[in-house]
Peer 1: 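Here's a structure for you.
First the proteins, then the strands, lettered A, B, ... as listed; each starts at 1.
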Amino acid sequence: MNYWLIKSEPDTWSWDDQNKSPKKTTEWDGVRNYQANNCMKDMAKGDRCFFYHSGKERSIVGMVQVVKTWELDPTDKTGRSFGMVTVMAIQSAKSPTTLAQIKDEAKLKDMVLVKNSRLSVQPVTGAQWKQVCKMAKLSNKQE
DNA sequence: GCCAACGTTGGC
DNA sequence: GCCAACGTTGGC
């Protein structure tokens, strides 16, 4: 199992939208960046991702699970084989964790979120995952 | 609203 | 294949 972080501008697609959508799932389309696309290609069914609000909020607000692996994004008109995965909301953060808090935590100083803030889909290490779960009051147990 | 960081485009 | 110009993202 691998861990990831996906970002969304809440005005475009918020955690609330995610939870209101049928079966709490959504196709994570619209990614037009090779690095982000490659991350999605590496995702396996059951992998988990933090859901991060960029823009004004800048915080980790929940956790989603990959329910369908990478497939071609039908909205892509570039002809460059950008794709998407399908994710399902599984937990809301009881204590949403802000970017400022993450930056203050020494154990998280190497997070991609800190080092390359522009990447919209990014890997998270096991140690970082555990630490953020603790801070956000998210359960790390497997169903 | 500004600007740094980064990715992409296109001329050569 | 290089690199300048440009556009976009996202934190501040």
Peer 1: Have a look at A/L99 and say if it touches a base, only the backbone sugar-phosphate, or nothing, with a 4.0 Å heavy-atom cut-off.
Peer 2: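 Contact class for A/L99: sugar-phosphate only.
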Peer 1: Mind checking side-chain contact (heavy atoms from CB on, under 4.5 Å) for A/E57 and listing every partner two or more places apart, or none if nothing turns up?
Peer 2: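 A/E57 satisfies side-chain contact (heavy atoms from CB on, under 4.5 Å) with A/P10, A/H53, A/S59, A/V61 only.
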Peer 1: Could I get the full list of side-chain hydrogen bond (donor to acceptor under 3.5 Å, both in side chains) partners for A/Q128, not counting sequence neighbours?
Peer 2: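 Per chain and number, A/Q128 pairs via side-chain hydrogen bond (donor to acceptor under 3.5 Å, both in side chains) with A/T125.
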Peer 1: Earliest and latest nucleotide of DNA chain B, 5' to 3', sitting under 4.0 Å from a non-hydrogen atom of chain A?
Peer 2: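 Contact span on the strand: B/dA5 to B/dT9.
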Peer 1: Just to be sure I understand the rule, does A/E9 reach a base, reach only the sugar-phosphate, or reach nothing, if contact means heavy atoms closer than 4.0 Å?
Peer 2: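 The residue A/E9 makes no contact with any strand.
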Peer 1: Can you list the residues that meet the side-chain hydrogen bond (donor to acceptor under 3.5 Å, both in side chains) rule with A/T98, with sequence neighbours excluded?
Peer 2: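 For A/T98, the residues satisfying side-chain hydrogen bond (donor to acceptor under 3.5 Å, both in side chains) (neighbours in sequence not counted) are A/Q101.
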Peer 1: Can you sort out the partners of A/D16 under side-chain contact (heavy atoms from CB on, under 4.5 Å), two or more places apart, ordered by chain and number?
Peer 2: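 Once residues adjacent in sequence are excluded, the partners of A/D16 under the side-chain contact (heavy atoms from CB on, under 4.5 Å) criterion are A/S14, A/K20.
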Peer 1: How is A/K103 classified with respect to the nucleic acid when contacts are heavy atoms under 4.0 Å: base, sugar-phosphate, or nothing?
Peer 2: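 Counting heavy atoms under 4.0 Å across all strands, the contact made by A/K103 is with sugar-phosphate only.
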Peer 1: Can you tell me which residue pairs pass the ring pair (Phe, Tyr, Trp, His ring centres under 6.0 Å) test with a partner in residues 56-109 of chain A, sequence neighbours excluded?
Peer 2: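 Residue pairs with at least one partner in residues 56-109 of chain A: A/Y34-A/F82.
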